[in-house]
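See below for the structure under consideration.
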Amino acid sequence: MMDKGASNFIHEIIERDIAAGKHGGRVHTRFPPEPNGYLHIGHAKSICLNFGTAAKYNGLCNLRFDDTNPTKEDPEYVEAIKEDVRWLGFDWEEREYYASDYFEQLYQYAVRLIEMGKAYVCDLSAEEIRAFRGTLTEPGRESPYRNRSPQENLDLFARMRAGEFPDGSRTLRAKIDMASGNLNMRDPVMYRIMRATHHRTGDAWCIYPTYDFTHCLSDSIEGITHSLCTLEFEDHRPLYDWFLDQLGVFHPQQIEFARLNLSYTVMSKRKLLKLVEGGHVAGWDDPRMPTLSGLRRRGCPPEAIRAFCDRIGVAKSNSVVDLALLEHAIREALDPRAPRRMAVLDPLKVVITNYPEDQEEELPAANHPKDPSMGERPVPFCREIYIERDDFMEDPPKKFYRLAPGREVRLRYAYFVRCQEVVKDDSGRIVELRCTYDPETRGGNAPDGRKVKATIHWVSARHAVPAEVRLYDRLFSEPDPAARERAGQDFIAALNPDSLVVRPNARIEPSLASARPGEPFQFERLGYFTQDGPDSTAGRPVFNRTVSLRDQWAKLKHKTKTG
RNA sequence: UGGGGCGUCGUCAAGUGGUAAGACACAGGACUUUGACUCCUGCAUUCGGAGGUUCGAAUCCUCCCGCCCCAGCCA
């Protein structure tokens with residue numbers, strides 16, 4: 001990257017470090033997920049920051065799995081995470097690391113701390129440790145085991161590793177300061193006894209290092225120069241500094257930034273898991289989820305996410321980014337390269353009474369109105385077509401200028417048609433429109449120069465392919481669903497009942513039959529869509545709406561309804 | 001009278017003592033064979049509040065107010 005100048009406070013720090021010759025001007029970052037769940041757009045911010053920063057300063061960025069808790073981790077997540085990072089467009093080359101690869105080294109560091117009299121084996125139970133820790137306003141009390149000799153600690157720690165003690169019976173603790181105002185410094189646990197099979201080390205260990213002990217040293221081992229993490233770890237930095245300084249090892253600089261929050265969704269793994277397990281969504285990759293797999297399935301291109309992350313900035317204040325900004329980034333990425341197609345979601349049959357029954361023709365339609373290089377495709381036309389039910393009103397309000405009785409509109413890339421008759425069933429529901437077309441207007445222009453107020457989309461009834469189309473909206477109807485929890489309620493109650501609307505009887509133009517999942521299209525006047533991978537079948541494709549088009553008419557309608 | 005952070009437009013966010021960038025949103029208008037795209041225009045006399053320093057303060061000082069995080073052998 002050739003970007004000049006700092007674009008955020010982290011880059012400022014880095015540029016200062018480079019100028020000062022710190023680490024010889026080297027920049028090395030890392031993205032350190034725990035393989036216990038799927039990545040979401042909040043992680044994308046961190047991924048873009050870490051990989052982007054390395055690229056900007058000609059440095060490197062590692063992918064490191066922080067796998068220190070075997071009871072929560074799974075290789076399935078490792079694979080999913082790798083796929084997502086790759087999809088987002090980043091490459092960690094051969095630098096795929098695992099904290100579990102450092103277990104032996106970490107053990108030796110712990111031994112060294114014990115020898116220095118800076119760590120001790122504690123026999124207190126979890127409950128006792130909590131009780132001894134004190135509170136936010138009161139200091140803690142020292143463990144009665146705090147002053148064991150290094151020899152005794154060494155022996156006990158070795159026996160912990162050897163499996164001589166039951167789970168949870170002892171811990172290795174750092175000997176720091178039980179009176180510290182920073183709870184993290186009150187003799188934090190470094191190792192716990194936990195007989196669990198680790199996804200990579202199997203049953204080689206029955207003691208596992210805690211995140212706090214592991215993370216800072218993993219960064220150190222990898223020579224990370226700038227360890228970027230979220231705000232909640234600011235309190236942990238003094239502890240990391242303590243471990244690093246006591247051990248006298250390479251000392252990365254940790255810099256904290258605010259995590260991403262998006263309006264109308266939730267971002268915590270716990271809440272996302274609840275949505276999945278509670279059946280409120282179809283899975284981690286449900287297109288309504290803020291997960292990267294969900295966004296991908298929905299049709300969001302990775303460059304849109306990268307552009308979004310560039311725009312939201314990096315700072316330290318807690319903030320909630322407007323979902324509209326993400327949608328904007330998606331439209332911006334899709335508009336120039338999504339071929340246009342026609343699809344009718346809620347079909348209303350139109351019979352063109354003066355068009356011969358047995359006649360058919362193919363009309364050329366541009367794949368992109370502004371990019372001729374994208375070519376065109378033929379769209380079949382015949383006597384019976386479908387138009388969008390919304391595009392007709394029997395008794396139109398003032399600003400509605402689509403089809404209505406007696407009115408003429410243009411069928412995109414086809415002809416002008418005029419509505420002559422409205423056919424209804426017994427219940428009064430409109431089932432068909434009978435129109436006439438003007439053969440002189442083929443292609444969409446009238447030789448006599450007359451104008452129409454609207455151009456509507458359509459598909460040939462005889463040629464169109466039946467499809468299911470899924471329309472997505474914000475998952476929650478409130479900007480901050482998590483606020484429900486703060487009010488003592490369940491955030492599930494804030495779910496938007498209309499977040500998924502299925503159009504089971506859609507008709508799509510024939511050229512769409514060969515679409516592939518993930519391939520973007522703009523269904524003219526409706527939005528950007530992509531074929532769904534998992535749920536499409538040969539005879540019945542399913543299309544997901546990635547994002548709608550901006551719609552002034554909808555806004556107008558809403559305004560008059562509410563206003 | 002625990003510790004650590006943060007407060008600049010509706011939402012993000014620049015600004016680093018010299019007189020409030022930009023983006024999204026919103027509101028008008030132009031263009032239009034997508035009510036799309038694109039293009040114009042408008043949108044903080046004011047930076048959480050009050051004092052103070054200074055020729056000059058969002059930037060420096062003092063006090064106050066508000067919000068977030070921390071009491072896992074989770075990460």
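Proteins get letters first, then strands, A, B, ... in listed order; numbering begins at 1 in each.
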### Message
I'd like to know if the side chain of A/D438 pairs up with that of A/Y415 as donor and acceptor (distance under 3.5 Å, no hydrogens or angles considered).
### Response
no

### Query
With sequence neighbours excluded, what pairs up with A/R402 under the salt bridge (Lys or Arg N to Asp or Glu O under 4.0 Å) test?
A/D391

Give each protein N/O atom lying under 3.5 Å from an N/O atom of nucleotides 65-70 of chain B, with the pair distance.
none

### Query
Is the distance from OP1 or OP2 of B/G72 to the nearest side-chain N or O of A/T210 less than 4.0 Å?
no

### Task
Could you list the residues that satisfy side chain to side chain donor-acceptor pair (under 3.5 Å) with A/D177, not counting sequence neighbours?
none

### Query
OP1, OP2 of B/C74 versus side-chain N and O of A/R192: anything below 4.0 Å?
yes

### Query
So does A/T68 get a side-chain nitrogen or oxygen closer than 4.0 Å to the phosphate oxygens (OP1/OP2) of B/A75?
yes

### Query
What pairs meet the salt bridge (Lys or Arg N to Asp or Glu O under 4.0 Å) rule with one or both residues in residues 66-75 of chain A, with sequence neighbours excluded?
A/R64-A/D66

Nucleotide N/O to protein N/O under 3.5 Å, stretch nucleotides 26-28 of chain B:
from  : atom 1 : to     : atom 2 : distance (Å)
B/C26 : OP1    : A/K555 : NZ     : 3.2

### Message
I'd like to check the side chain to side chain donor-acceptor pair (under 3.5 Å) partners of A/D241; sequence neighbours left out, ordered by chain and number.
### Response
A/H251

### Query
Considering residues at least two apart in sequence or located in another chain, which fulfil the side chain to side chain donor-acceptor pair (under 3.5 Å) criterion with A/N184?
none

#### Entry: All side chain to side chain donor-acceptor pair (under 3.5 Å) counterparts of A/Y191, not counting sequence neighbours
none

### Task
For A/D101, check salt bridge (Lys or Arg N to Asp or Glu O under 4.0 Å) against everything at least two apart and list the hits.
A/R200

